[in-house]
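Below, chains carry the letters A, B, ... as their sequence lines are ordered, and counting in each starts from 1.
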2 protein chains.
Amino acid sequence: MNSFDLSEFLPYQLAVLSQRVSDGFSTLYRSKYGLTVAEWRVVAHLSQSDKVSVREIHERVAMEKSKASRAASRLEAAGYVSKTANPNDGRLVSLALTPTGRRMMEDLVPMARAYEAELLNNLGDTAPQFLQAVASLLHDAMEAD
Amino acid sequence: MNSFDLSEFLPYQLAVLSQRVSDGFSTLYRSKYGLTVAEWRVVAHLSQSDKVSVREIHERVAMEKSKASRAASRLEAAGYVSKTANPNDGRLVSLALTPTGRRMMEDLVPMARAYEAELLNNLGDTAPQFLQAVASLLHDAMEAD
DNA sequence: TTCCGGTCGTTGCTTGTGCAATGAACGCAG
DNA sequence: CTGCGTTCATTGCACAAGCAACGACCGGAA
């Protein structure tokens, strides 16, 4: 093997980077609204499209079924989302932001945008290529799903 | 706020990408040696420099103290790592790979290299810029530590 | 020597997560 | 209408992780 340098290992670098980037913003919504990352993803998705099932979240937001389900339950308990039975299909649950939840997102979304902008700013003029690379890796890379 | 698209949010993309990339390889050492990601990081670091304290791992490998400590304990129980008291400083613990652990790394390191190569191959000729961007973000970006 | 602030590693406690199993509800075939 | 395989969401269980507290240990000062 002969000396393996973890700090030069791309999967490791990506993990550290992603964690650091994620923490930067999650600290914010965590301290302000007590949200976990999983919960943030759920409300973020709900802000875009209401009346969504757990299943849709689970596949569109890259989370385990159970993870999405529990995040939704916590959000319901906190009063940010409502869970109602789908009248057309008794198996499905319709998740939606409550007015409180919507107000929260109106506060958080601009912050998210600002944070992202700051991030891109750090990248300088290499930003476009970086975004491109990330997107392309996300699509074909290593074919997980 | 007006429609926030999580899938276009860079922190989210990075998280998904990193997770997918990490899973691709962690599945391997998980099924073969029953290692968690934290444990992999510990042995990876140990393969590079023996006789290392928990503290050094905790700061060099981006893990909580307790996370490093428990990972080391599990590795010791599994027979991959030895923990001995540092004779010069009774507070410190010297971690080192056992022969078994070393054999494991001789198996895993080439696989890690191959996996990374495949990853870079997916990036094509944009790989250098991508690596550069990741490294630069890791250094200054958002200043976590 | 004794005391004291600081460091190192471990451990309780609580919480989140993955995985498998469960139960309710659907659609379709007979 | 009655089964029957499938889909959806939830839950029990085991385990990892974050945080704070704790005890052991160090080095230097009085």
Write down the distance between NZ (A/Lys67) and P (C/dA20), rounded to a whole number of angstrom. 17 Å
For the student: nearest non-hydrogen atoms of B/Leu120 and B/Ala127, plus distance: O-CB, 4.1 Å
Closest-nucleotide 5' rank along DNA chain C - winner of A/Thr36 and B/Ser66: B/Ser66
5'-most by nearest nucleotide on DNA chain D - A/Leu92 or A/Arg70: A/Leu92
Between P on D/dA16 and CG on B/Leu35, what's the gap in Å once rounded to a whole number? 12 Å
From CD of B/Glu56 across to C1' of C/dG9 the rounded distance in Å is 15 Å
For the pair made of CD in A/Glu39 and C1' in C/dT17, what is the distance, rounded to whole Å? 13 Å
Taking the basic N atoms (NZ, or NE/NH1/NH2) and the acidic carboxylate oxygens, is any pair closer than 4.0 Å for A/Arg30 and A/Asp23? no
For the pair made of CG in B/Asn86 and P in C/dT7, what is the distance, rounded to whole Å? 18 Å
Nearest non-hydrogen partners of A/Pro110 and A/Met105, listed with the distance: CD-O, 4.1 Å
Flag the pair A/Glu59 and A/Arg55 as a salt bridge only when some basic side-chain nitrogen lies within less than 4.0 angstrom of an acidic carboxylate oxygen. yes
Are A/Lys83 and D/dT10 close enough that a side-chain N or O sits under 4.0 Å from OP1 or OP2? yes
Mind checking B/Ser73 for me? I need base, sugar-phosphate or nothing, with any heavy atom below 4.0 Å counting as a touch. nothing
Does B/Lys65 have a side-chain nitrogen or oxygen under 4.0 Å from the phosphate oxygens OP1 or OP2 of D/dA17? no
Please state how far atom CD1 in A/Ile57 lies from atom P in C/dT17, giving the value in whole angstrom units. 14 Å
Would you kindly compare A/Pro87 and A/Ala38 by the position of their nearest DNA chain C nucleotide and give the one closer to the 5′ end? A/Ala38
Could you state the CH2-P distance from B/Trp40 to D/dA16, rounded to the nearest angstrom? 18 Å
Does A/Arg74 put a side-chain nitrogen or oxygen below 4.0 Å from OP1 or OP2 of C/dT17? yes
Is B/Arg55 near enough to C/dC8 that one of its side-chain N or O atoms lies under 4.0 angstrom from OP1 or OP2? yes
Evaluate the ring-ring contact (aromatic ring centres under 6.0 Å, His included) criterion for residues A/Trp40 and A/Tyr33: first the C-alpha distance (whole Å), next the side-chain angles of each, then the deciding distance (0.1 Å), finally the verdict. CA-CA 10 Å; A/Trp40 154 256; A/Tyr33 295 98; over 10 Å; no
Ranking C/dA24, D/dC26, D/dT10 by distance to the side chain of A/Arg91, first place goes to C/dA24
5' priority, DNA chain D, between B/Glu64 and B/Asp89 [closest heavy atom]: B/Glu64
Nearest-Å distance, CG (A/Asn88) to C1' (C/dG27)? 14 Å
